[in-house]
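Every number for a ligand or one of its atoms is a count from 1 in the order of the listing.
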Amino acid sequence: MSVVTEDILEAAAALRAGKLVAFATETVYGLGADATNDAAVARIFSAKGRPQFNPLISHVGTPTEAMELGVFDEKATRLAEALWPGPLTLVVPRRQGCAISLLASAGLDSLAIRVPAHTQAQSLLQAAGVPVAAPSANPSGRLSPTATAHVIKGLGDKVDVILDGGNCEIGVESTVVGCLGEEAVLLRAGGVAVSDIEAVIGQPIKQAANCPEALASPGMLASHYAPRARLRLNALHIEGDEAVLAFGPNLAAHRGRMLNLSPTGDVDEAAANLFAMLHILDDQDTSDIAVMPIPDSGLGLAINDRLRRAANRDD
Ligand code: TXA
Ligand code: MG
């Protein structure tokens, strides 16, 4: 770990090399990784010790870059034009071919995106040249950090570079607004006042609590990616013409479709591959996927949580 003040280029190079960089925004410090790199994004979850794959916010330098990644309707466009750069995150549909890692959006077909105003965050994003996925830079379940001392205390050696940008001016996370349907929905109160958002959209904003399709817990969102195929978890053998989502070395030969989350049995690598491999298997003509057991250690917890949700869909 190195703590630097102005070494934007070192931090940008670390991001491009798949490393973790903590950096200041005007809200709180973020734990950043290249949002287009599955393995780097997996490292964020691993460092935070998140038991679930909550979707992450991708940070970009300009509204134009944001609009290349997501589909902005009229309300989203107006909010972006009025309040970016700033402490606002918009949740919009992913654009087709969007380069953001599926793990960063936890398999959702939507994308949380933000253009921060902090000058150091702006310089970093510009120098990195890639969108940066960043949750708050604290261990899961702990307070959000507003100074480098908090980041060091909470995550210390789990971060490759800590960029010192001083104390965060706002000190609470960004306001999260969903722009996925007819109405804008307040998904999280934060740095932008609700009245400012309502002034831009010209009407009261819908609260997530009154909106069954956008439950506060994003893991429960109706739009959460669920495979069409049926998943059979903890499979020790293969039945019929099941496709196989494998884990670990020394697998028996399989004539059908098989993808291995991590041939070396590394749960971080498995997390990085999870959503992309589920998509590939689900796109095949297969109605059943056997998933081999994955240990509950480290990111294995989050992988198994996600797999259980995908297996217990209602249909
Ligand atoms: O101020 C902030 O927002 C900080 C700085 C670093 O930008 N970041 C932050 O990230 O607070 P995090 O991961 O702690 O919170 C992300 C929030 C969560 O409430 C998550 O549920 C929501 O954004 N979110 C992310 N993607 C979403 C999606 N596709 N749909 C709905 N909610 C989403
Ligand atoms: Mg947080």
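- The proximity of Glu173 to ligand 1, defined as any non-hydrogen pair under 4.0 Å, involves the side chain as well as the backbone.
- Residues meeting the side-chain contact (heavy atoms from CB on, under 4.5 Å) test with Asp305, sequence neighbours left out: Gln52, Arg308, Arg309.
- Note that CD of Glu269 and OG1 of Thr264 are 5.0 Å apart. Values are rounded to the nearest 0.5 Å.
- Within the listing of ligand 1, atoms 28 (C), 29 (N), 30 (N) sit less than 4.0 angstrom from a heavy atom of Leu108.
- Residue-environment remark: CD (Glu198) exceeds the threshold of 12 foreign heavy atoms within 6.0 Å.
- Heavy atoms of Asn54 found under 4.0 angstrom from ligand 1: none, in either backbone or side chain.
- On a distance-only criterion, Arg188 and ligand 1 share at least one N/O pair closer than 3.5 Å.
- Distances from atom 13 (O) of ligand 1 to the heavy atoms of Lys48, Arg114, Arg50, Arg94 show the closest one on Arg50.
- Every N/O-N/O distance between Thr89 and ligand 1 stays at or above 3.5 Å.
- Set against the non-hydrogen atoms of Ser174, the atoms of ligand 1 under 4.0 Å away are 1 (O), 2 (C), 3 (O).
- With ligand atoms numbered from 1 in the order given, ligand 1 contributes 6 (C), 8 (N), 10 (O) to contacts under 4.0 Å with heavy atoms of Ala134.
- At least one donor-acceptor pair closer than 3.5 Å links the side chain of Glu26 to the backbone N or O of Ala117.
- In terms of N/O distances under 3.5 Å, ligand 1 is not approached by Thr25.
- The Mg ion (ligand 2) has Ser136 OG as its protein N, O or S neighbours under 2.8 Å.
- Residues Leu143 and Asn138 are not in side-chain contact: their nearest non-hydrogen atoms beyond the backbone lie 4.5 Å or more apart.
- Under the 3.5 Å distance criterion, the side-chain polar atoms of Asn167 are left unmatched by any main-chain donor or acceptor of Ala147.
- To the nearest 0.5 Å, the span separating NZ on Lys158 from OG on Ser46 amounts to 8.0 Å.
- Every residue two or more places apart in sequence or in another chain that forms a side-chain contact (heavy atoms from CB on, under 4.5 Å) with Glu239 is listed here: Arg232, His237, Glu242.
- Comparing heavy-atom distances from atom 10 (O) of ligand 1 across Ala106, Gly70, Ser105, Pro135 singles out Pro135 as nearest.
- Cluster note: Val200 groups with Val60, Met67, Leu69, Phe72, Leu79, Leu83, Trp84, Leu88, Leu90, Val92, Ile100, Leu111, Ile113, Val115, Val177, Leu186, Val192, Val194, Ile197, Ile201, Ile205 through ILVMFWY side-chain heavy atoms spaced under 4.5 Å, whether in direct contact or through intervening members.
- Ligand 1 places these atoms under 4.0 Å from at least one heavy atom of Ser110: 28 (C), 29 (N), 30 (N).
- Atoms OG1 and OH, from Thr148 and Tyr29 in turn, are 5.0 Å apart once rounded to the nearest 0.5 Å.
- Listed by atom number, the atoms of ligand 1 under 4.0 Å from Ala112 heavy atoms are 25 (C), 26 (N), 27 (C).
- Remark: ligand 1 atoms within the under-4.0 Å shell around heavy atoms of Gly30 are 6 (C).
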Leu187 vs Val185, side-chain contact (heavy atoms from CB on, under 4.5 Å): CA-CA, chis, key distance, verdict: CA-CA 6 Å; Leu187 296 174; Val185 180; 4.1 Å; yes
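- Residue His59 approaches ligand 1 through these ligand atoms, each under 4.0 Å from one of its heavy atoms: 5 (C), 6 (C), 7 (O).
- With contacts defined as side-chain heavy-atom distances shorter than 4.5 Å, the pair Leu231/Leu245 does not qualify.
- His118 places a side-chain N or O within 3.5 Å of a backbone atom of Gly165 that can act as its donor or acceptor partner.
- When each atom of ligand 1 is checked for a heavy atom of Ser136 under 4.0 Å away, the hits are 8 (N), 9 (C), 10 (O), 14 (O).
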